[in-house]
Amino acid sequence: MVTRFAPSPTGHLHIGGARTALFCWAFARRHGGKFMIRIEDTDAARSSLESARGILSDLAWLGIENDLGPYLTPEGTIAERDWPDGRVGTYFQARRVEIYNQYIERLVRQGRAYPAFESNEEIESQRKAAMAAKQTYRYPRPAEVRPGLFDDAMASRWARACAGERHVIRFVAPPGEIIVPDQVLGDVRIAPGELDDFVIRKADGFPTYHFAVVIDDELMGVTHVLRAQEHLANTPRHVALQQALGFRTPIYGHMPLIFNTDGTKMSKRDKAKAARKAAKDAVAKNAGALAAVEPGALASFLAGENDSVETAETIAGALKIVLPEIEVWDFRRNGYLPEAINNFVSLLGWNPGMKQADGKDLEKFDTAFLCQHFGIDRIGKTNSKFDRAKLLSFNADFIGAMTDEQFADRWLGWMREHEPEAAAVIGAIPRDRLLILARALRPRAKTLRDALRPAAFVLTDDAGYAFDPAAVEKNLLASDRAGTKLLAEFRPRLGGLDPWTPETLTALVDAFAKEKGMPNPGGIAQPLRVALTGTGVSPGLGETMAVLGRSSTLARIDRCLDSLA
RNA sequence: GGCCCCGUCGUCUAGCCUGGUUCAGGACACUACCCUUUCACGGUAGGUACAUGGGUUCGAAUCCCAUCGGGGUCACCA
């Protein structure tokens, strides 16, 4: 049994693609088969090795490993794995053109395909005319083409093509009904005459998607094809081709689509939309808000003339907003965990249908579970919407389930990749304090990036943070500087505390509050918090002071007191 | 528009195949309350769904039909 994930390397790995890959992989694992990756780079203009590398990297990050096809070496180069007998060679379609051409010629000589010489423009104008007349355009097969015959007319067409005349190769669509067997949807029947003579080799000599897929699925031994439902309409073409070539038809399963919550397709354009909206708001409030963005680019972007992701990201950076995540890379960069993505995405269009011991639905599981239980029979038919809030909750749960050690390591690992400056500071903190920091941050973080915000107080030195005027007013100056006075009174008690731990520090604060007859420790905790972090919001004070250490804690209090004196 | 697919809480879904045990269960989100040193975490409680209309049947979320609604696709892109 062989399943495959066959991305075209024209960008990052889309979250929907991740689900497809995950399911194909899990299905192969479940049945002891092989999982293959094939790169569909027959669109020479749009494909790039860079994209292929990115997709492979995202797949590896998710923990999806292929048995066949390209993979990323530790050095960052792309290598390929083949069957032991080397029967496939390469899994990059652009390098397999000669193979496709052999089959093209075979079909032509059997009268099942033929060169066509109309220009793109001719076809395009005919199509437009048909559309204008509200009719479905179907390429009219030339009268001289006789299905199943390679006669003089065909031979002459072939000769013109071989002589270098610009042409495409079209497939002779079969006359009968086509049945697409689908394990998710059931048999889908397409009436006779629905298919026209579609192109199987482009004028540039590359096969079209339809042709390359059919040849490769056969040659690479693919037995099961799981893909998104947007491909369903293509499948009759593939079945027709398989029959003409005498190939077997793999088992198909078309999976429901994934949309945004508002029902629109999840696409890169969502980033542009979000950035444009934020930018317009910002510029309305303050004309100079986006000085960081090149004016010409900004103007055309705001006018909706383009959806440049670069411009969108520059704007997001300047405005400190987070763009909607669409691709795996976005989630990765924003501090999502692969286990959360895998788990969440598994539930889009599939469900294990099991109960936990407490009777609730089982919906938290890892990829090992998926590899044990995934089956086509439980793939749903209805499209789903990508609910970021639920993903976020899953991510938070995975973070919550970590130990402080695990969190510290993974947080740092993420930071080294995505926030090197912060990593330099946090990485220099001694291990014991780092673990206290992890303990303080972990319950407050839904993503790894989230943890950066409450960690702001350790990212600056003792004189490097600013005091939030409102917080200072409320907690230190109000009521005749009550907070300031308490803070000054509390400060000396820190001097002799031993040991300096979150627990002893918390106890010290509590004792002081009690001694002063406060109803709760807030009266001293809040002034202290503002002194130490500059704001009224921070992790628990015990942890905060423990991470800071005695000298920093005292220095920060002194600096605060001095600034108010 | 043609062809094709789909239709259970706001969202993801269980239940549907093998009608009754379901005036429909879970999760996320939401609301209220509790906990609390800020922010979070946590705890408890709550509201919200079988698209509509016809059949079939003693009985339908479950079977059939129609309507309506949503989606995909109609490239020398994949």
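Convention: sequence-line order gives letters A, B, ...; per-chain numbering from 1. Basis for what follows: all heavy atoms, side chains included, without hydrogens, waters or symmetry-related copies.
- With no hydrogens or angles considered, a side-chain donor-acceptor pair links A/Arg227 and A/Thr235 at under 3.5 Å.
- Atom CE in A/Met266 sits about 16 Å away from atom P in B/G71, given to the nearest Å.
- Side-chain atoms of A/Asn260 and A/Asp270 include a donor-acceptor pair closer than 3.5 Å.
- If you measure from atom CG of A/Asp468 to atom P of B/C39, you get 14 Å, rounded to the nearest angstrom.
- Among the nucleotides B/G2, B/A40, B/A14, the one closest to the side chain of A/Lys355 is B/A14.
- If you measure from atom CG of A/Asp377 to atom P of B/G15, you get 11 Å, rounded to the nearest angstrom.
- Nucleic acid contact for A/Pro539: base, since at least one base atom lies under 4.0 Å from a heavy atom of the residue.
- At a cut-off of 3.5 Å, with distance as the only test, a side-chain donor of A/Arg529 or A/Gln526 sits close to an acceptor on the other residue.
- The nearest whole Å value for the distance from the CZ atom in A/Phe259 to the C1' atom in B/G70 is 9 Å.
- With hydrogens and angles left out, the side-chain atoms of A/Asp43 and A/Ser47 include no donor and acceptor closer than 3.5 Å.
- Remark: the A/Gln126 side chain and the A/Tyr139 side chain contain no N/O donor-acceptor pair separated by less than 3.5 Å.
- Nucleotides B/U56 and B/C68, compared at atom P, are 23 Å apart to the nearest Å.
- Spacing between B/U73 and B/C16 at atom P, rounded to whole Å, works out to 32 Å.
- In this structure, the side chains of A/Ser8 and A/Asp41 stay at 4.5 Å or more apart for every pair of heavy atoms.
- Contact check for A/Tyr103 versus A/Val214: no side-chain heavy atoms found under the 4.5 Å cut-off.
- In this structure, a donor-acceptor pair under 3.5 Å is present between the side chains of A/Tyr114 and A/Asp197.
- Comparing B/U48 with B/G10, their C1' atoms sit 8 Å apart, to the nearest whole Å.
- Across all strands shown, B/G7 forms a Watson-Crick or G-U wobble pair, both distances under 3.5 Å, with B/C68.
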Under-3.5 Å N/O pairs linking protein and nucleotides 16-18 of chain B:
none

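- Base pairing annotation: B/U57 forms no Watson-Crick or G-U wobble pair, as no partner gives both donor-acceptor distances under 3.5 Å.
- Within 4.0 Å (heavy atoms only), A/Arg378 reaches sugar-phosphate atoms of the nucleic acid but no base atom.
- Nucleotide B/U36: unpaired (no Watson-Crick or G-U wobble partner with both distances less than 3.5 Å).
- Using P as the reference atom, B/G7 and B/A45 are 34 Å apart when rounded to the nearest Å.
- Residue-to-nucleotide proximity on RNA chain B shows that, of A/Ala525 and A/Asp361, the 5′-proximal contact is made by A/Asp361.
- Ring to ring, A/Tyr100 and A/Phe206 are not that close: their centroids are 6.0 angstrom or more apart.
- The closest side-chain heavy-atom distance from A/Leu49 to A/Phe92 is below 4.5 Å.
- Comparing the C1' positions of B/C50 and B/G15 gives a spacing of 10 Å, expressed to the nearest Å.
- Across the P atoms, B/C74 and B/C30 are found 39 Å apart, a figure rounded to whole Å.
- Comparing the same atom, C1', in B/G1 and in B/U18 gives a spacing of 41 Å after rounding to whole Å.
- A side-chain donor-acceptor contact under 3.5 Å links A/Thr504 to the backbone of A/Thr501.
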Practice item. Output, in order, the C-alpha distance, side-chain angles, deciding distance and verdict of ring-ring contact (aromatic ring centres under 6.0 Å, His included) for A/His238 and A/Phe211. Key: CA-CA 8 Å; A/His238 302 171; A/Phe211 194 69; over 10 Å; no

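- The distance from atom OH of A/Tyr252 to atom P of B/C5 is 17 Å, rounded to the nearest whole Å.
- For B/C58, the O4'-C1' to base torsion is more than 90° from 0; the nucleotide is therefore anti.
- A/Asn395 places no side-chain N or O within 3.5 Å of a backbone atom of A/Leu391 that could act as its donor or acceptor partner.
- Under 3.5 Å, the side chain of A/Arg444 and the base of B/C39 form at least one donor-acceptor pair of N or O atoms.
- For the pair A/Gly263 and A/Ala389, both in contact range of RNA chain B, the more 5′-proximal nearest nucleotide belongs to A/Ala389.
- Under the Watson-Crick and G-U wobble criteria, each requiring two contacts below 3.5 Å, nucleotide B/C74 is paired to B/G1.
- Comparing B/A60 with B/A24, their P atoms sit 16 Å apart, to the nearest whole Å.
- Going from atom NZ of A/Lys364 over to atom P of B/U13 covers 16 Å, rounded to whole Å.
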In B/S/- notation (B base, S sugar-phosphate only, - none; protein heavy atoms under 4.0 Å), nucleotides 73-78 of chain B written 5' to 3' is S-SBBB

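- The closest side-chain donor-acceptor pair between A/Arg157 and A/His167, if any, does not fall under 3.5 angstrom.
- Spacing between atom CZ of A/Phe365 and atom C1' of B/G26 amounts to 14 Å, rounded to whole angstrom units.
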If you restrict it to nitrogen or oxygen atoms, what contacts under 3.5 Å exist between nucleotides 7-12 of chain B and the protein, and what is each distance?
| from | atom 1 | to | atom 2 | distance (Å) |
| --- | --- | --- | --- | --- |
| B/C12 | OP1 | A/Lys385 | N | 2.9 |
| B/C12 | O2' | A/Leu347 | O | 3.1 |
| B/C12 | O2 | A/Lys390 | NZ | 3.4 |

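- Distance CZ (A/Arg138) to C1' (B/G2): 7 Å, rounded to an integer number of Å.
- If you check every strand for non-hydrogen atoms under 4.0 Å, A/Gly536 touches a base.
- Under the Watson-Crick or G-U wobble criterion, with both distances below 3.5 Å, B/C30 is paired with B/G46.
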